[in-house]
Amino acid sequence: MPAREADVIVVGAGLSGLIAARTLLGAGLTPLVLEADERVGGRILTEEVLPGLPVELGAQWIGDTHERMFALAAELGVQTFPQYEEGETSYELAGSGVLRENEFHARYADELAAVDAVFERLDELAAEVPPEAPWQAPHAAERDAITAGAWYDAQGLSHIARTLLEICTVGILAVPTVEVSFLHLLFTIQTCGVTSQLYAESEGGAQTTRFIGGTGEIPKRLAAQLDEYIVLNTPVQLIEHTADSVTVHCRGGLVARARRVIVAVSPTLAGRIMYDPALPGVRDQLTQRIPNGSAMKAFFVYDEPFWRNEGLNGQIISDIGPARMSNDTCIPGDEHGVVLLFLEGEQARVYGTIPERERREALTAELVRHFGGKAANPVCYLDGGWSERQWTRGCYNANMGPNVWTAYGSALSAPIGVIHWASTDTAVRWSAYMEGAVEAGERAARAVIAELR
């Protein structure tokens, strides 16, 4: 098989890789995108649960400040619609029983005020963290040496407040807070602005807007612009690199040569590729210490969104579970009611290992507690976890545990000779979101363009 030739090889056809390839092509360089999976999109995955009814097993929302994603969607002709949020959230925390939002807020006003105070303090501390170099933040070593959970525990919160804080944070990081460095939490907040943008689904938040036709329309339409430059079902196994060239060897025998390579997969997957010569130890040590988070999504489809008639918005916040959070994820113009239940962190790890029937039964019982007997009879059900997917091995966030940022963080996005890195995990604005994936892809492509001009 003759070797494929390109100016730049891009490893991975997720959002970062597709954006990088398109940026390179626009600058007059020839890209070659090598994707291990049979599809494009990476951690974006839209499937039809019923004919004409798409659901998002992967990335789903953009937020009001996600300027790159709004511009990209408009350019590609993908329309958007707002996340439904009218009505009350249903709470079930620390023995409170099932309470509607207004009653919960009235009963636990002091606890909620304490959570808001913690958010304010997090905003103050996060503002000190330079997103391009978190290890240079004031008190970086001290804050990197403890977990986010340990810092939360030291704030003197009530059980209700501490539980609510845990649920909110695990919803962002997809791992328990005892596994994540406090500096990493501050970095995450800093890349997203403030906690109100990170945690909220209301105006100004990170989960306010969805895509008509599904998020998968974004990579699908990007790939259509790059069709002749994308090769699917081609896992990269070895990257040989010299001072001015790369040779990439793939399973199945394909060999590709280029002047530069952009590895646009999560750091942990990038670490599973072989490199010759071997990468510096600091880079390899980093990729050993930055695992992807754990998350599952479960969708219940009903004849109608009956909870809306009860004044509910479809959102659950619960520490009993199995799901800690949920959303009304109905599609405008479709009569079906769709509830999305999130299992993240420990919940995903536990319930992802049991039979689907048992997982569905436990989730159904949770919905019945919150929404009543009608929730027991869905038209259909679909769930999916990211840890089992061969070419992702985890979900939307790659998290650093204690002492990783300060010891190894400088190797996260720094090029190594002709090798550049791009994935949302390397972004300095909205890391772990689609917005971050676009930023990272653009950044890596611009760096390569500057080198090859």
Side-chain angles (χ1 to χ4, degrees), residues 61 63-65 83-129 138-139 142-143 146-178 180-208 311-321 323-328 342 344-345 347 369-370:
W61 290 279
D64 292 348
T65 62
Q83 168 64 37
Y84 183 86
E85 58 179 24
E86 296 180 15
E88 294 184 86
T89 298
S90 182
Y91 285 81
E92 184 181 33
L93 290 177
S96 69
V98 175
L99 298 175
R100 287 196 172 203
E101 182 175 347
N102 290 337
E103 183 179 357
F104 182 85
H105 282 214
R107 185 179 299 186
Y108 297 106
D110 291 343
E111 286 83 353
L112 292 169
V115 171
D116 287 341
V118 169
F119 284 159
E120 290 178 7
R121 181 57 177 155
L122 287 172
D123 287 340
E124 293 172 358
L125 297 178
E128 300 175 356
V129 178
H139 311 289
E142 173 188 339
R143 292 169 183 167
I146 64 171
T147 66
W151 189 86
Y152 283 169
D153 289 341
Q155 302 311 300
L157 299 171
S158 69
H159 186 42
I160 284 273
R162 177 65 180 86
T163 301
L164 183 57
L165 198 57
E166 183 74 12
I167 290 173
C168 291
T169 308
V170 173
I172 301 301
L173 301 178
V175 293
T177 60
V178 295
V180 178
S181 137
F182 182 48
L183 181 62
H184 184 73
L185 174 61
L186 296 178
F187 161 80
T188 302
I189 295 169
Q190 172 69 312
T191 72
C192 302
V194 292
T195 53
S196 61
Q197 291 180 335
L198 187 60
Y199 292 111
E201 293 179 350
S202 56
E203 183 178 353
Q207 289 89 229
T208 63
L312 296 169
N313 59 18
Q315 296 178 32
I316 291 171
I317 296 179
S318 170
D319 68 341
I320 295 177
R324 301 304 197 204
M325 306 177 78
S326 73
N327 281 95
D328 176 317
F342 290 97
E344 294 159 318
Q347 300 305 106
R369 292 198 308 271
H370 288 268

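From a predicted model like this one, the values you see are computed outputs, not experimental measurements.
Asn102 and Glu88 make their closest contact through N-OE1, 2.9 Å (heavy atoms, listed as atom of the first residue, atom of the second, distance). Scanning all heavy atoms of the two residues, the minimum distance from Ile317 to Leu164 falls at CG2-CD1, 3.9 Å. Shortest non-hydrogen contact noted between Ile320 and Arg369 is CG2-NH2, 3.6 Å. The heavy-atom pair separating Ser326 from Ile316 by the smallest distance is OG-N, 2.8 Å. Summarising the geometry of Asp328 relative to Gln83, their closest heavy-atom pair is O-NE2, 2.8 Å, with the distance given to 0.1 Å. Smallest separation of non-hydrogen atoms from Leu312 and Tyr84: O-CE2, 4.5 Å.
Counting heavy atoms from C-beta outward, Arg324 and Phe342 have side chains that stay 4.5 Å or more apart. The shortest side-chain heavy-atom distance between Gln347 and Val170 does not fall under the 4.5 Å cut-off. Contact check for Leu165 versus Phe119: side-chain heavy atoms found under the 4.5 Å cut-off. The shortest side-chain heavy-atom distance between Phe182 and Leu122 falls under the 4.5 Å cut-off. Side-chain contact between Ser96 and Tyr108: present, with at least one pair of heavy atoms (C-beta onward) separated by less than 4.5 Å. Two residues are said to be in side-chain contact when any heavy atoms from C-beta on lie closer than 4.5 Å; Ile172 and Leu185 fail this criterion.
Under the 3.5 Å distance criterion, the side-chain polar atoms of Glu111 are left unmatched by any main-chain donor or acceptor of Leu157. Under the 3.5 Å distance criterion, the side-chain polar atoms of Glu166 are matched with a main-chain donor or acceptor of Thr177. A distance-only check finds no donor-acceptor pair linking the side chain of Glu92 to the backbone of Ser318 [under 3.5 Å]. Using a distance-only test at 3.5 Å, with no hydrogens or angles considered, no donor-acceptor pair links the side chain of Ser90 to the main chain of Val98. A donor-acceptor pair is defined here as one N or O able to donate and one able to accept, closer than 3.5 Å; such a pair exists between the side chain of Gln190 and the backbone of Val129.
Ring-plane geometry between Phe104 and Tyr91 is classed as parallel, the angle between the planes falling under 30 degrees on a 0 to 90 degree scale with a further cut at 60.
Within the model, atoms CG of Asn313 and CZ of Arg100 stand 10.0 Å from one another, a figure rounded to the nearest 0.5 Å. Here the straight-line distance linking atom CD of Gln207 with atom CG of Asp64 works out to 10.5 Å at 0.5 Å rounding.
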